[in-house]
Amino acid sequence: MISLIGTLLIGGFQIFQTATRLFRQWIKETNESYHVEVAAPGMLKSDFKVELEGNLLTISSEKRDEKEEVEGEKYTRREFSYQAFQRSFTLPKEVVDVDKIQAKYEDGMLQLLIPKKEEAKQKAPRLIQIS
């Protein structure tokens, strides 16, 4: 079993990770929001948990595949699979509108939309008149 633990800092996000299976992820920042995508093929929506505590956003999943033993059968070897994943993001303070975070799982991709607060969005340049 592979177990990874690490910390990264990407685009204002501090990321903590542990996994027995590594999923690819992307974090993209726009003027309006952050987009987080996690490639997780073979998983179900119900396998994931997305939780926000303070400014710590945690995405985790756990999937077990165990076969039941039938009475009277003898095994010389019995296998099961177990997959676990956890990734935590420290969201930038005073930037993210935590009440409007959205998540969806579709076609093997977990997608999170993390909107920025209005005051944190970069304003378009404006021309200042000279008098």
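Numbers here simply count residues along the sequence, with the first being 1.
- Listed by first and then second residue, the ring-ring contact (aromatic ring centres under 6.0 Å, His included) pairs that reach into residues 101-131 are Phe48-Tyr105, sequence neighbours excluded.
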Subject >> Worked verdict on Leu112 versus Val50 for side chain to side chain contact (heavy atoms under 4.5 Å, CB included) >> reply: CA-CA 9 Å; Leu112 280 82; Val50 179; 3.9 Å; yes
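- Seen from the ring of Tyr34, Lys116 counts as a face-on cation partner, given the 6.0 Å and 45° thresholds.
- Hydrophobic clustering (side-chain heavy atoms under 4.5 Å, transitive across Ile, Leu, Val, Met, Phe, Trp, Tyr) groups Ile114 together with Val98.
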Original post:
So Phe85 and Ile59, side chain to side chain contact (heavy atoms under 4.5 Å, CB included) or not? Walk me through it.
Top reply: CA-CA 8 Å; Phe85 167 82; Ile59 303 168; 4.1 Å; yes
**OP:** With side chain to side chain contact (heavy atoms under 4.5 Å, CB included) as the test, would you mind laying out the steps for Ile27 and Phe89 before giving the verdict?
**Re:** CA-CA 11 Å; Ile27 301 172; Phe89 304 90; 3.5 Å; yes
**OP:** Walk me through it: do Leu91 and Lys93 pass the test side chain to side chain contact (heavy atoms under 4.5 Å, CB included)?
**Re:** CA-CA 6 Å; Leu91 302 176; Lys93 290 182 180 182; over 6 Å; no
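- Among pairs with a residue in residues 35-54, those fulfilling side-chain hydrogen bond (donor to acceptor under 3.5 Å, both in side chains) read Ser33-His35, at least two apart in sequence or across chains.
- Crowding of Lys123 atom NZ: a count of heavy atoms from other residues, nucleotides or ligands under 6.0 Å exceeding 12.
- Panel note: side chain Asn31, backbone Lys121; no donor-acceptor pair is recorded below 3.5 Å.
- Nearest heavy-atom pair across Thr58 and Ser88 is OG1-OG, 3.0 Å.
- Closest approach of Val96 and Lys117 over heavy atoms only: O-CE, 3.4 Å.
- Under the 4.5 Å side-chain heavy-atom criterion for Ile, Leu, Val, Met, Phe, Trp and Tyr, Val36 and Met109 are members of distinct hydrophobic clusters.
- The neighbour count for Gln122 CD, taken as heavy atoms of other residues, nucleotides or ligands under 6.0 Å away, does not exceed 12.
- Judged by distance alone, with hydrogens and angles left aside, the side-chain atoms of Asp97 form no donor-acceptor pair with the main-chain N or O of Pro115 at under 3.5 Å.
- Side-chain contact between Ile128 and Arg126 is present, with heavy atoms from C-beta onward closer than 4.5 Å.
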